[in-house]
Amino acid sequence: MKICILTTSRSAFASPHYTKEAGSLIQAGHSVVIIAPCPGGRDPSDPVANYLGHRVIPLVVGEAGGRMRKLLRLPSLFRLAIREHCDVYEAMEPASLFVGVALKVATGRRLAYNSREDYPMSLAVNTHLRGLTGLLHAVFARLEAILLLFVDHCFAVTAPMASRLRGRRRPSSLLMNLPLREFGSEISMSRASPSDPFGVIFTGYPTMPVAMSEMIEALALLRGRGHDASLTFLGCPPDHPAALEWLATTARLSLEEWVHLLPEVAPREVACHLAKAHCGSILYRPTGYTRRVVHVVKLYEYMACGLPIVASNFPGLTKTIEAEECGVVADPCSPTAIADALERLILDPEYAARLADNGRRAFLDRFSWEVVGLEYVSVMEGLGLQKKQLQGAGSSPSARP
């Protein structure tokens with residue numbers, strides 16, 4: 001069976017489609033091609049960039065660009081994909097889903113939709129037209145519903161999203177973006193020492209909903225209380241435009257030595273940075289999106305690496321953290337509440353270690369990619385089988401005389 005993974009905005013080498021989904025399909029004996037942007041001029045033939053050796057067709061070499069540039073590339077995505085004569089197409093976002101629908105109509109192939117976000121809500125919020133958010137959400141949801149009529153199977157990254165897709169009467173599966181079981185398995189030799197400053201790390205892109213200023217102010221409170229602590233933002237280089245506010249806060253509080261802004265690193269290097277920390281942060285400011293949608297892979301990466309977690313006290317995060325007893329929650333808008341939560345971990349190392357052990361155990365038992373990957377492959381194989389059965393029925397001679 002041959003599968004073509006389509007995306008207009010995600011890097012060809014980004015998780016989950018490159019590391020996990022394509023890898024699982026290839027391991028099961030299937031042929032996979034990824035058609036996606038190759039940012040930073042990365043060459044798919046470069047073994048450093050394409051470190052797993054998957055077959056990648058660049059949609060564009062360089063940055064993906066804004067929404068309009070992505071939309072203008074849809075005809076190219078269609079032309080590249082239809083040449084591959086695949087059994088199943090898998091779309092990763094609404095734009096590539098539009099192309100997937102066109103491919104299905106043109107070829108009769110099976111179509112899967114891998115919804116990694118609540119896209120109608122995300123698109124409505126990201127227009128920054130607050131007075132029109134509700135209307136825009138309804139419009140985008142309706143457009144998505146029309147496209148879903150052509151989809152043979154949907155994958156959703158959270159249970160609420162899976163329920164929403166099933167509400168559209170589409171066969172749907174929960175496909176959480178979980179780390180591979182090997183993630184963090186070799187970091188024990190380089191773990192941070194208890195004598196090191198208590199290191200808090202946040203991994204991810206520097207977006208405004210991240211409570212970075214609040215975390216920096218909480219660090220100042222901790223150090224003012226006599227605790228030797230530091231804060232690292234991985235994925236936020238100092239020259240990033242969004243970092244200006246946080247650099248100013250750091251300078252105002254004289255924390256330059258204790259706040260580290262580091263650029264994005266390859267997925268395989270994230271665990272090395274987590275090994276140097278004592279706690280993982282998932283602190284987002286409350287917005288219409290962050291309060292409703294929680295599907296952060298960093299939660300499970302922290303669990304995989306045996307880090308206790310401090311997170312925003314939003315329902316989705318609180319439910320998982322309390323159920324697994326792997327961290328503490330705090331009001332992300334209150335530096336004092338954040339500092340209090342972190343201080344609890346600092347003052348009670350045994351409690352912090354118990355949270356870390358709980359998270360690591362839960363990851364191994366229930367929250368690794370290997371747990372969900374088998375079902376994903378099974379569904380995709382089922383779609384490929386449907387396509388072959390339809391072809392066989394169409395080519396068989398009529399039973400009538």
Is any side-chain heavy atom of Ile309 less than 4.5 Å from a side-chain heavy atom of Leu355? no
List the atom of Leu247, the atom of Pro238, and the distance in Å for their closest heavy-atom pair. CD1-O, 3.4 Å
Is there a side-chain contact between Glu214 and Ser334, using heavy atoms and a 4.5 Å cut-off? no
With sequence neighbours excluded, give me every side chain to side chain donor-acceptor pair (under 3.5 Å) pair touching residues 219-233. Arg223-Asp228, Arg225-Asp340, Arg225-Glu343, His227-Glu343
Using the side-chain hydrogen bond (donor to acceptor under 3.5 Å, both in side chains) criterion, which residues pair with Glu301? Sequence neighbours excluded. none
Answer whether the closest heavy-atom distance between the side chains of Arg116 and Arg10 falls below 4.5 Å. yes
Can you see which heavy atom on Phe363 is nearest to which on Pro179, and at what distance? CE1-O, 3.7 Å
Non-neighbouring partners of Phe98 that pass ring pair (Phe, Tyr, Trp, His ring centres under 6.0 Å), sequence neighbours left out: none
On a heavy-atom basis, which atom in Glu375 and which in Ser173 lie closest, and how many Å separate them? OE2-OG, 3.8 Å
Any side-chain donor paired with an acceptor under 3.5 Å for Arg79 and Ser76? yes
What residue pairs, at least two apart or across chains, pass salt bridge (Lys or Arg N to Asp or Glu O under 4.0 Å) with a residue in residues 307-316? none
If you apply the rule salt bridge (Lys or Arg N to Asp or Glu O under 4.0 Å), what do you find for Asp152 with Lys104, and how did you get there? CA-CA 10 Å; Asp152 298 291; Lys104 180 176 180 178; 3.0 Å; yes
Arg170 side chain vs Val151 backbone, donor-acceptor pair below 3.5 Å: yes
Test item: Met215 and Ser281 side chains (from C-beta on) under 4.5 Å apart, heavy atoms: yes
Centres of the Tyr89 and Phe78 rings: under 6.0 Å? no
Pick one: which of Ser312, Cys333, Pro209 meets side chain to side chain contact (heavy atoms under 4.5 Å, CB included) with Pro286? Cys333
Cys305 to Phe183 - nearest heavy-atom pair and separation: SG-CE2, 3.5 Å
Inspect the surroundings of CD in Glu256 and state if more than 12 heavy atoms from other residues, nucleotides or ligands are less than 6.0 Å away. yes
Taking side-chain contact (heavy atoms from CB on, under 4.5 Å) as the test, write out the residues that go with Ser378, two or more places apart. none
Only counting residues at least two apart or in another chain, list the ones meeting ring pair (Phe, Tyr, Trp, His ring centres under 6.0 Å) with His273. none
Heavy-atom check, side chain of Ile3 versus side chain of Asp87, under 4.5 Å: no
Contact list for residues 316-329, test side chain to side chain donor-acceptor pair (under 3.5 Å), sequence neighbours left out: Glu324-Arg366
For Arg42, side-chain contact (heavy atoms from CB on, under 4.5 Å) partners two or more places apart: Ser11, Phe13, Ala49
Would you call the rings of Phe198 and His278 parallel, tilted or perpendicular if under 30° counts as parallel and over 60° as perpendicular? parallel
Give every donor-acceptor pair under 3.5 Å between a side-chain atom in residues 28-37 and any protein atom, sequence neighbours left out.
residue, atom, partner, partner atom, Å
His30, NE2, Glu381, OE2, 2.7

Taking only residues two or more places apart in sequence, or in another chain, which ones meet Tyr351 in a ring pair (Phe, Tyr, Trp, His ring centres under 6.0 Å)? none
Looking only at non-hydrogen atoms, find the nearest pair between His54 and Asn50 and report the distance. O-ND2, 2.6 Å
Closest non-hydrogen atom pair, Leu261 against Cys236: CB-O, 3.0 Å
Side-chain donor-acceptor contact under 3.5 Å, Ser24 with Trp369: yes
Closer than 3.5 angstrom, by distance alone: can the side chain of Arg181 be matched with the main-chain N or O of Leu364 as a donor-acceptor pair? yes
Under the side-chain contact (heavy atoms from CB on, under 4.5 Å) criterion, do Leu174 and Val372 qualify, and how do the steps go? CA-CA 8 Å; Leu174 179 62; Val372 300; over 6 Å; no
Heavy-atom side-chain proximity of Val259 to Trp246 below 4.5 angstrom: no
Minimum side-chain heavy-atom gap Arg360-Met303 below 4.5 Å: no
State which residues pass ring pair (Phe, Tyr, Trp, His ring centres under 6.0 Å) with His153; sequence neighbours excluded, sorted by chain then number. Phe155
Donor-acceptor contacts under 3.5 Å from residues 90-97 side chains, at least two apart:
residue, atom, partner, partner atom, Å
Glu90, OE1, Tyr376, OH, 2.7
Glu90, OE2, Asn114, ND2, 2.8
Glu93, OE1, Thr7, OG1, 2.8
Glu93, OE1, Ser9, OG, 3.4
Glu93, OE2, Thr7, OG1, 3.4
Glu93, OE2, Thr8, N, 2.9
Glu93, OE2, Ser96, OG, 2.5
Ser96, OG, Leu6, O, 3.3
Ser96, OG, Met92, N, 3.0
Ser96, OG, Glu93, N, 3.1
Ser96, OG, Glu93, O, 3.0

Judged by modelled atom types alone, do Glu217 and Thr249 share a side-chain donor-acceptor pair under 3.5 Å? no
Taking C-beta and beyond as the side chain, do Ile201 and Cys279 meet within less than 4.5 Å on heavy atoms? no
